[in-house]
Number of protein chains: 2
Amino acid sequence: MKWTDLPNEGCSVARTMSVLGDRWTLLILRDTLFGIRRFDDIQKRLGITRHVLSDRLKRLEAHGLLERKPYQQRPLRHEYHPTQSAKDFVPVMQAMTGWAQAHLPTDKPEPYRFLDRETRQPTAPKVIDTNTGTEITSTSIWVEANRD
Amino acid sequence: MKWTDLPNEGCSVARTMSVLGDRWTLLILRDTLFGIRRFDDIQKRLGITRHVLSDRLKRLEAHGLLERKPYQQRPLRHEYHPTQSAKDFVPVMQAMTGWAQAHLPTDKPEPYRFLDRETRQPTAPKVIDTNTGTEITSTSIWVEANRD
DNA sequence: TTGACTCAGTTCTGTTTTGGAACCTATCTA
DNA sequence: TAGATAGGTTCCAAAACAGAACTGAGTCAA
């Protein structure tokens with residue numbers, strides 16, 4: 001396995017890393033999901049260098065996670081909107097958030113929170129197995145090499 | 001926000017990136033969870049340079065995700081075992097795998113698979129909200145700034 | 001109609017990180 | 001004694017990154 005071969009790996013975790021495996025990409029995606037969609041706004045919020053941000057936005061667009069949409073003519077300017085693919089990553093981010101709250105604790109409050117759209121109550125994410133309906137935990141599952 | 005400040009961010013996604021936000025770290029973690037726990041084995045499987053692997057293993061140990069355990073004396077040699085923290089990341093990896101299968105398709109088969117420990121059937125992960133019991137999707141949730 | 005300002009980048013330079021290969025150390029085996 | 005095994009460390013060159021300056025289209029206000 002080589003870094004440049006990751007996009008063609010059979011392993012889904014490896015393919016995910018080929019898209020999101022760097023310092024900034026997921027944070028950019030998070031910001032666009034939170035409604036921050038313009039170049040300068042993202043740059044100022046993250047403190048990322050403009051040059052790297054420019055590159056990451058292009059990569060995310062090429063991978064189908066962001067879409068450039070004009071928000072004004074004269075001068076023509078674009079916003080970066082999350083696609084369905086990016087939106088479908090939200091549950092992963094939620095699971096990640098649950099993990100970090102348990103294992104990387106901090107005093108500071110979460111700057112954003114996810115609410116149930118109907119009840120407007122904060123969500124408490126957990127990963128379950130659709131087949132059995134039970135929660136997936138480190139002890140409930142078994143990993144084995146796949147022989148398809 | 002700066003890269004070096006990430007560990008102290010309130011945002012859980014940012015703190016997760018401070019630990020796992022690079023090319024290799026999550027792949028190393030994945031291998032240890034799949035039972036590959038020795039330096040040379042990880043190095044050969046991933047094709048990562050030894051020097052970077054050495055650094056990442058130290059970081060993962062420092063962050064409490066891996067534990068060095070001797071597997072022989074004379075000469076003293078260690079294996080890297082996933083801690084509870086690392087094991088608790090498995091559901092996140094599962095959610096990630098579900099996302100990649102949907103949005104980064106490939107012809108190649110998944111090299112490993114997750115089975116339910118009791119039924120020995122492959123798991124179909126989904127993220128639900130413990131409060132409402134409903135699946136968390138991009139349309140079921142609402143994101144807002146947190147004013148605690 | 002000149003000058004300042006906005007936004008979205010690109011370009012430049014210097015530092016940090018990474019890749020690739022070689023080397024080191026302790027021990028066991030032929 | 002020579003070679004193999006395992007787990008690193010050291011060195012150099014290449015790539016990625018940070019920080020700052022610059023560009024360019026257009027607006028606005030004096």
Side-chain angles (χ1 to χ4, degrees), chain A residues 1-7 9 14 17-29 31-32 35-63 66-82, chain B residues 1-7 9 14 17-29 31-32 35-63 66-82:
Chain A
M1 191 189 297
K2 293 204 151 208
W3 171 245
T4 47
D5 297 337
L6 284 188
E9 279 293 316
M17 285 301 99
S18 80
V19 178
L20 302 173
D22 82 303
R23 290 160 137 102
W24 296 113
T25 306
L26 189 53
L27 299 177
I28 295 167
L29 201 64
D31 275 10
T32 66
I36 298 150
R37 289 169 187 169
R38 298 188 185 175
F39 191 94
D40 273 26
D41 291 341
I42 300 171
Q43 193 274 320
K44 281 181 194 117
R45 263 184 53 88
L46 293 182
I48 183 176
T49 57
R50 309 175 72 78
H51 157 251
V52 172
L53 175 58
S54 173
D55 177 77
R56 293 302 180 278
L57 290 170
K58 279 174 190 148
R59 286 171 54 87
L60 281 167
E61 198 190 352
H63 283 110
L66 293 182
E67 203 176 352
R68 248 162 69 103
K69 290 185 181 170
Y71 67 90
Q72 68 170 37
Q73 311 290 328
R74 326 189 44 78
L76 183 58
R77 298 261 161 81
H78 298 87
E79 286 179 326
Y80 295 88
H81 286 255
Chain B
M1 192 189 297
K2 292 205 150 207
W3 171 246
T4 48
D5 297 337
L6 284 187
E9 279 293 317
M17 285 302 100
S18 79
V19 178
L20 302 173
D22 82 303
R23 292 160 135 115
W24 296 113
T25 306
L26 189 54
L27 299 178
I28 295 167
L29 201 64
D31 276 10
T32 65
I36 299 151
R37 288 167 188 172
R38 299 188 183 174
F39 192 94
D40 273 25
D41 292 340
I42 300 172
Q43 193 273 320
K44 281 179 194 120
R45 263 183 54 87
L46 293 182
I48 182 176
T49 57
R50 309 175 71 76
H51 154 249
V52 173
L53 175 57
S54 173
D55 177 76
R56 293 302 181 277
L57 290 170
K58 279 174 191 149
R59 286 171 54 87
L60 281 167
E61 198 189 351
H63 284 109
L66 294 181
E67 202 176 351
R68 246 160 68 103
K69 290 184 180 171
Y71 67 90
Q72 68 170 35
Q73 311 290 326
R74 320 187 48 78
L76 183 58
R77 296 266 159 78
H78 298 88
E79 287 180 327
Y80 295 88
H81 286 256

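Order of the sequence lines sets the chain letters (A, B, ...), proteins ahead of strands, with each chain counted from 1.
When each of Tyr71(A) and Arg23(A) is assigned the nucleotide of DNA chain C with its nearest heavy atom, Tyr71(A) is the one assigned upstream, toward the 5' end. Toward the 5' end of DNA chain C, the nearer of the two residues Leu76(A) and Arg77(B), judged by each one's closest nucleotide, is Leu76(A). The nearest heavy atom of DNA chain D to Gln73(A) and to Asp22(A) marks one nucleotide each, and the one closer to the 5' end goes with Asp22(A).
What separates CZ of Arg74(A) from C1' of dT27(D) is a distance of 10 Å, to the nearest Å. Nucleotide dA6(D) holds its P atom 12 Å from the CD atom of Gln43(B), rounded to whole Å. In this structure, Leu57(B) places its CG atom 7 Å from P of dG8(D), rounding to the nearest Å. If you take CZ of Arg68(B) and P of dA6(D), they are 17 Å apart, rounded to a whole angstrom. Atom-to-atom, CD1 of Ile28(B) to P of dG7(D) comes out at 14 Å; the value is rounded to the nearest Å. Atoms CG (Asp40(A)) and P (dA25(D)) sit 18 Å apart, rounded to a whole Å. Regarding Trp24(B), its CH2 atom lies at a distance of 13 Å from the P atom of dA16(D), rounded to whole Å.
Each of Thr32(B), Asp31(B), Leu29(B) was checked for a side-chain contact (heavy atoms from CB on, under 4.5 Å) with Pro82(B), and the lone residue meeting it is Thr32(B). Of the residues Arg77(B), Arg50(B), Arg45(B), the one that meets the salt bridge (charged side-chain N to carboxylate O under 4.0 Å, His left out) test with Asp40(B) is Arg50(B).
The side-chain heavy atoms of Leu27(A) and Met1(B), taken from C-beta on, include a pair separated by under 4.5 Å. Under the 4.5 Å side-chain criterion, counting only non-hydrogen atoms from C-beta, Tyr71(B) is in contact with Arg38(B). The shortest side-chain heavy-atom distance between Arg59(B) and Asp55(B) falls under the 4.5 Å cut-off.
The phosphate of dG19(D) has OP1 or OP2 within less than 4.0 Å of a side-chain N or O from Lys2(B).
Where DNA chain C meets chain A (any atom under 4.0 Å from a heavy atom), the bounding nucleotides read 5' to 3' are dT6(C) to dG20(C).
For the contact set between residues 44-56 of chain A and DNA chain C, defined by any heavy atom under 4.0 Å, the members are Arg50(A), His51(A), Ser54(A).
Using a distance-only test at 3.5 Å, with no hydrogens or angles considered, no donor-acceptor pair links the side chain of Glu67(B) to the main chain of Glu61(B).
Contact check on Glu79(A) versus Lys69(A) returns no salt bridge, with no Lys/Arg side-chain nitrogen under 4.0 Å from an Asp/Glu carboxylate oxygen.
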